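The structure under discussion appears below in the form of structure tokens.
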There are 4 protein chains.
Amino acid sequence: MSLNTFGHLFRVTTWGESHGPALGATVDGCPPGIALNEADIQPWLDLRKPGTSKFTTQRREDDAVRILSGVFEGRTTGTPIQLMIENTDQRSKDYGEIAQAFRPGHADIAYHQKYGIRDYRGGGRSSARETAARVAAGGVARAALAALVPGLQITGYMVQMGPRAIDRSRFDADEIARNPFWTPDAVAAADWAGYLDDLRKSGNSVGAVIEVVASGVPAGLGAPIYGKLDSDLAAAMMSINAVKAVEIGDGMASAALTGVENADEIRMGAEGPEYLSNHAGGILGGISTGQDIVVRFAVKPTSSILTPRKSINLRGEEVDLVTKGRHDPCVGIRAVPVAEAMMACVILDHLLLDRGQTGGVRGRIG
Amino acid sequence: MSLNTFGHLFRVTTWGESHGPALGATVDGCPPGIALNEADIQPWLDLRKPGTSKFTTQRREDDAVRILSGVFEGRTTGTPIQLMIENTDQRSKDYGEIAQAFRPGHADIAYHQKYGIRDYRGGGRSSARETAARVAAGGVARAALAALVPGLQITGYMVQMGPRAIDRSRFDADEIARNPFWTPDAVAAADWAGYLDDLRKSGNSVGAVIEVVASGVPAGLGAPIYGKLDSDLAAAMMSINAVKAVEIGDGMASAALTGVENADEIRMGAEGPEYLSNHAGGILGGISTGQDIVVRFAVKPTSSILTPRKSINLRGEEVDLVTKGRHDPCVGIRAVPVAEAMMACVILDHLLLDRGQTGGVRGRIG
Amino acid sequence: MSLNTFGHLFRVTTWGESHGPALGATVDGCPPGIALNEADIQPWLDLRKPGTSKFTTQRREDDAVRILSGVFEGRTTGTPIQLMIENTDQRSKDYGEIAQAFRPGHADIAYHQKYGIRDYRGGGRSSARETAARVAAGGVARAALAALVPGLQITGYMVQMGPRAIDRSRFDADEIARNPFWTPDAVAAADWAGYLDDLRKSGNSVGAVIEVVASGVPAGLGAPIYGKLDSDLAAAMMSINAVKAVEIGDGMASAALTGVENADEIRMGAEGPEYLSNHAGGILGGISTGQDIVVRFAVKPTSSILTPRKSINLRGEEVDLVTKGRHDPCVGIRAVPVAEAMMACVILDHLLLDRGQTGGVRGRIG
Amino acid sequence: MSLNTFGHLFRVTTWGESHGPALGATVDGCPPGIALNEADIQPWLDLRKPGTSKFTTQRREDDAVRILSGVFEGRTTGTPIQLMIENTDQRSKDYGEIAQAFRPGHADIAYHQKYGIRDYRGGGRSSARETAARVAAGGVARAALAALVPGLQITGYMVQMGPRAIDRSRFDADEIARNPFWTPDAVAAADWAGYLDDLRKSGNSVGAVIEVVASGVPAGLGAPIYGKLDSDLAAAMMSINAVKAVEIGDGMASAALTGVENADEIRMGAEGPEYLSNHAGGILGGISTGQDIVVRFAVKPTSSILTPRKSINLRGEEVDLVTKGRHDPCVGIRAVPVAEAMMACVILDHLLLDRGQTGGVRGRIG
């Protein structure tokens, strides 16, 4: 990870601000010959798109992606793929006071201190709009993964809103696409709807926990010691706006386990090793084992709220700040497709890295 | 992070296995003119050294570091600093069965699947011994930080062992160095001693939570969007053996907060902005704010235990595996100095990166 | 250098093909607060623009650059600067036979062998059109250099066309902008006009040698051993289409010198060291000395010519190939502004790198 | 290339100074399962070793390499390989005056200006001794190439000493190992012996031109636009001490060719494309074509000579400087094995990179 680029061989550089003319992603290192056109990417963007329910920002963006390079006659050529999304609904007039003052809990003050200048319109580069570019890049990664690892599946969903967690006994994968929260628990979805509506009306916001699972990932991806698959996943998820924690497998709960409990015991199956549990979240020593890769992360509540909070302005004066404008009451909701995109990019990158070093040959067992 | 290297400008590459002749770190990009000799680094290694109490592995290593390059007449020259630690107490005979079978929850199987070959002696490259090299590199980073940011302070400590958390009302920084667990809570230390002793005797192990705080870090370190300070810290901590989760500030608990609660309100102090809370853990938008940087991570229990666990061997046969040898019952204990070292390296790296791009000038407030 | 990116801290990723909708450069790591708008970049593109004389391709492109991100109210913000140039004059019909056969001396066959697919329209990614993106990025680098190192000056010019070299005793810097060859020798310019016209009419093309000089570069840029300033300059120039050799200072001629001749003797001037010669081209041990940085490179003749050459096609059939279309008879001409741009990018990058590691402080003499 | 590291996937970081306790290379990303032990590497070091004839420095070093990590039971494990060479013949007393004054044409002054401190003993980091570490790393690369591309052959030799070039009509590959200059022309070898002896006795030194050829390299290695094989080769060769120019194929002479002359015409052979000439040096568009890869570079004369030259010292005083000590009269001689090593490393790196992105599948012809 290097300023605005992530990835080793499959490298994604995003660019653009919330209220500039456009934003996008420069995707380098994609394998050649992959079938790809805008229609392969657009559906993922549509999932992340703002304005689809009252629980996300009312800003209306088509988020129509254009492929400007790297694809010829419907296939990737191995050269950089430029993905551009034009910004069409920027209402700069909304952002008057923000130009002069710093929202508590927001990147405003940090950008100002570092750069001495910031594009305050809609949060500029720190806006969650940047994540549209990741989702577009993730669409490319998914197309490549579909060609290289046909059975691979990536699924994200919300498991907690504020203090309200789902009941995993009600987990229904089909439910995820049916509610505006991408949650597999229909009861939680109903509960959250009222809870979030109340918060929103009271000028408040709330955090969330997202889980992403990749199944069908081959064993052997990731590399010791600093190119570990879990290190790269942690960095990738932590780079998403408002994320404050990342867990692999049992995550923080691992600390409370004993070695006896934590051991994912191994049996020999017809296709190779099988595991009796997955505390490890599919990664041992930074390398995938073939089990499901399980990542979870916490998203803090949106800092742009209608409730006044104490702050200061550029002149150093103390102010009470209210953030008007169109903001997500639970920014975690739209983080779900973003997390899936990051998972896709990281796994593809490690697939290429592993193929480079080892040729993709696996050590035999049995 | 790239296979065995981390860092952008201050780059650390570690090398070596548990039972090879030596291990070490190649440290590149250190500022020139920093006072440095072995005596500046050795004390940090002594803190991590095995065999200091019955709660760590009984392997006895001097862990004596030698500087082989990059230092001239007691000062860094700006060229690579090679830090070498010879392995002196390798008892390879201990590792008979491990050569043929895979410890559940251990990297054994993942290395085998990826590489088709593994140095099974003491875990080879996946051994926690690798962290000695990080601690040595961290010693270099601390020396540079001491010269460049005199007030900066890095402190790590254990806040939970198994399910038993400290009571933060008893937090006493002076206590940390007084007990074998690096915990600021003397009561917890006493409690854990018995708890861990029982676990150890029963052939079991347990996880832990470590917290590291850096105070006196200048505002402005870190860079959007993928070179964020928190992304790099997450990757750095996740790269430590057995770590399964990383939190910044309130971490996973952020999810349960509302925006009103989470806002770290700002007042104007004599020296610049002051904050009324630190839910953010000192980082907003990936950039340091000048508040304390607070990182926490979970370490899973040691997978090498005396209690038999179900597994398979190289021939695909199912076995019941017991790991003899000298293992840490709570590997989290020795992760404390390692975490401090990683924090030091990441902060120095971002200090240099920021100085490169911005010249270190800060945006004015007031 | 990494697929389509170059630079360490000031990083340029170019994207786009000759006949796609657009091409451009994603510029990351630019210092913040630099005055910049399209009018600062456009003049450099106009110098490289095709169709300005009968000695360059008759393709007509406006090469109008748009800044899509990273600039706010006329100043850089420190975030990625996206520079986009739309392709407006693509006549794909010209490229029928090229789709099926490989031009000798051209990248056609290499791209096909590597990727199994290539965008044959106008050479796709291997077209010299890609250099427009470099020139745009170079415009950003120049703006930053103007702010950071006011006296720095970069000048490129042609010193040889085919076997015909300039006479350095006639060197006139003011002449460079007056002739279509960017040569400082007016007599050579007149000679080359007839020479190149004859070659063009006969369906042939010719090579050239370009020299670029940077003056006013501070001492201390570049870093041993693999981040040497001359290594990075060599890679940068070699990455320009059709370049086959790069020289620093006396270059190949250094081989014929004795140590007595080659020593650039040093005297003490009022401002610091002064040198009695510059065989080294301003770089010793990979680090700038404060003398003029002198780089020279050879450009091979355009491989797209009207004279039939023996080749093969996709089906492995032997063919006689004639390349119709609009091609530069001496592609070296338009390499001059490209070389200046690469020099600007590399120097700025090393300025930031050096500032990062050393703080920009210089060792004292006297 | 990044300070002291080169390579993308096969990454080499060298460390160490001329007169420190040791120097070496940290080699990361090597494919696993490659047969390797010290005896595979030592012969290459013996070729470069000083003191083997009166034409190289009389310093006597065994240059015995030790593998400290990354190899288990005679095979690489895929983890970092640490190669260490102890310095055994450092006579620091020789370097009195050099500590205070700057040799003209040497890196002394550049290091001092950049870092404010330099290890003046034997040139410290800028000593040609650093190249021993490259040769060791090259030994690892050769072992991997031997396993992955059995027919690949790398051969370096000297083609010019001072102004005296070889006669290519006398080229005899078997002659290369028979003379102390690694030249394929026995007549030139005899001529150079007297020429160089005279220069040496007169306290002078001289430059040279080295050529390295790799045959049997698969088509498809290298990647546009900035990860070109020729860009990486140019950087690699330019990073060798005292190199001032790098040529690919016809190099500088390409400038004098017409397009008709320069076209390497293609015919269809039994195994695939065959070329009627190789002006391109085996690389088109930055990608290998399967032809011989031909690289040539100029080495300037040693700057440490017994003839007094004008210089200054640390106090800014003007001095006449004579460099005593044991120096190579033609440092180009020992650059031959170094160049072979760099070629091996770059080719292996690109082989892994290509395999990562494309899977190593080649586009069909015929």
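None of the values given here were measured: they were computed from a predicted structure. Numbers restart at 1 for each chain; the letters A, B, ... are given by sequence-line order, proteins then strands.
Side chains of E247(A) and K244(B) form no contact here, defined as non-hydrogen atoms less than 4.5 Å apart. Proximity of N262(A) to S303(B): side-chain heavy atoms (C-beta onward) are nowhere separated by under 4.5 Å. N313(A) is not listed as a side-chain neighbour of I365(B), based on a closest heavy-atom distance of 4.5 Å or more. The shortest distance between side-chain heavy atoms of L257(B) and V206(A) does not fall below 4.5 Å. No side-chain heavy atom of L284(A) sits less than 4.5 Å from a side-chain heavy atom of H106(B).
No side-chain donor-acceptor contact under 3.5 Å links K114(A) to the backbone of A219(B). For R267(B) (side chain) and S311(A) (main-chain N/O), a donor-acceptor pair under 3.5 Å exists by modelled atom type. In this structure a side-chain-to-backbone donor-acceptor pair under 3.5 Å is missing from H112(A) to R362(B). Between the side chain of N204(B) and the backbone N or O of T258(A) there is no donor-acceptor pair closer than 3.5 Å. Counting only distance, with no hydrogens or angles, the side chain of K228(A) and the backbone of S239(B) share a donor-acceptor pair below 3.5 Å. One N or O on the side chain of E318(A) and one on the backbone of M268(B) form a donor-acceptor pair closer than 3.5 Å.
Take A234(A) and apply the side chain to side chain contact (heavy atoms under 4.5 Å, CB included) test, not counting sequence neighbours, and it matches V246(A), A234(B), M238(B).
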Original post:
Run the side chain to side chain contact (heavy atoms under 4.5 Å, CB included) check on Y115(A) and Q357(B) step by step: do they pass?
Top reply: CA-CA 9 Å; Y115(A) 298 117; Q357(B) 188 185 10; 4.0 Å; yes
Subject >> Residues I287(B), Q113(A); criterion side chain to side chain contact (heavy atoms under 4.5 Å, CB included); working and verdict >> reply: CA-CA 9 Å; I287(B) 300 170; Q113(A) 287 183 296; over 6 Å; no
**OP:** For D250(B) and K300(A), run salt bridge (Lys or Arg N to Asp or Glu O under 4.0 Å): C-alpha distance rounded to whole Å, both residues' side-chain angles, the deciding distance at 0.1 Å, then the answer.
**Re:** CA-CA 9 Å; D250(B) 281 4; K300(A) 71 179 186 184; over 6 Å; no
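Residue pairs meeting the ring pair (Phe, Tyr, Trp, His ring centres under 6.0 Å) criterion with at least one member in residues 221-275 of chain B, sequence neighbours excluded, are F6(A)-Y226(B).
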